[in-house]
Amino acid sequence: MPQIFGKSSDKILKSVIAGITLLVAAAVLALAYYTHPDVADTGYAPIQPVAYSHKLHAGDLAMDCYYCHFAAEQSAHAAIPSTAVCMNCHASVKADSPRLALVRQSYDAGQSIPWVRVHRLPDYVYFNHQAHVASGVSCVSCHGRVDQMEVVKQVEPLSMAWCLDCHRNPDARLRPPEFVTRLSWRPDEDAAALGRQLREAAGINPPVHCSGCHR
């Protein structure tokens, strides 16, 4: 019986199989890389229903973070401000601006503005804002220089490894609690040295065991 495939067919088949294997491996590696929290979430900046500028409010106007996110120093959640908080100013400031039409509608109807959440932790992770800000961890440590952002974006991965790195080495990220919302604040001395003094004085001991964040 005559040979259907030549000797070169063997080499071609092996090359095709090797090529397919390499493509599949590359696809798996690419998927693992681009879905990793360090890559998938960092830089996330969704379009919001109202073009609210943190740069204008927190930066140019120097509004304190606690004015809107008042619950951050009192509870586990920072809280999204109600429209009534917006209207404290905008009932008279730019009251007829078309950019604030949805804000006025929300206020009149007593319904919340459908803000798109930027920073989201998995449901199995417990995070307490009050515990962090009371210890002197600034908003900037997790959220970056929000006072310079026209559109808020996620600047840190918020991954378990990232959180644990801070819990194991908190000194450089600690500041006097009264400066927590002053995002541009810089210590006059070495940050780690000051942080160590604050940690020892307040008895701050961040948990690194599972139950610290998974309850």
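Residues V152 and V146 have side chains in contact (heavy-atom distance under 4.5 Å, counting atoms from C-beta outward). Using a 4.5 Å cut-off on side-chain heavy atoms (C-beta onward), L194 and L174 make no contact. By the 4.5 Å heavy-atom criterion applied to side chains, C142 and E156 are not counted as neighbours.
A distance of 9.5 Å separates CD of Q197 from CG of D190, quoted to the nearest 0.5 Å. The OG1 atom of T83 sits 11.0 Å away from atom CG of L100, with the distance rounded to the nearest 0.5 Å. Between atom OG of residue S138 and atom CH2 of residue W185 there is a gap of 9.0 Å, rounded to the nearest 0.5 Å. In this structure, OG in S159 is found 9.5 Å from CG in D41, a value given to the nearest 0.5 Å. Rounding to the nearest 0.5 Å places NE2 of H54 at 9.0 Å from CE of M149. For the atom pair H57 NE2 and Y52 OH, the distance stands at 4.5 Å (nearest 0.5 Å).
Minimum heavy-atom separation, C139 to L183: CB-CD2, 3.9 Å. Considering all non-hydrogen atoms of both residues, I204 and S135 come closest at CD1-O, 3.4 Å.
In this model, a donor atom of one side chain and an acceptor atom of the other lie less than 3.5 Å apart for H209 and S211.
Using a 4.0 Å cut-off between a side-chain N of Lys or Arg and a carboxylate O of Asp or Glu, D165 and R173 qualify as a salt bridge.
At a threshold of 4.5 Å between side-chain heavy atoms, the hydrophobic network of Ile, Leu, Val, Met, Phe, Trp and Tyr places V50 and V151 in two separate groups.
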Could you list the donor-acceptor pairs under 3.5 angstrom formed between side-chain atoms of residues 59-72 and any protein atom two or more places apart in sequence or on another chain?
| from | atom 1 | to | atom 2 | distance (Å) |
| --- | --- | --- | --- | --- |
| D64 | OD1 | Y66 | N | 2.8 |
| D64 | OD1 | T181 | OG1 | 3.4 |
| D64 | OD2 | T181 | OG1 | 2.7 |
| Y67 | OH | N88 | ND2 | 3.3 |
| H69 | ND1 | A79 | O | 2.9 |

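Identified under the ring pair (Phe, Tyr, Trp, His ring centres under 6.0 Å) test for residues 94-143, with sequence neighbours left out: H119-H143, Y124-H214, F127-H129, F127-H132.
With sequence neighbours left out, the side-chain contact (heavy atoms from CB on, under 4.5 Å) criterion links A51 to R99.
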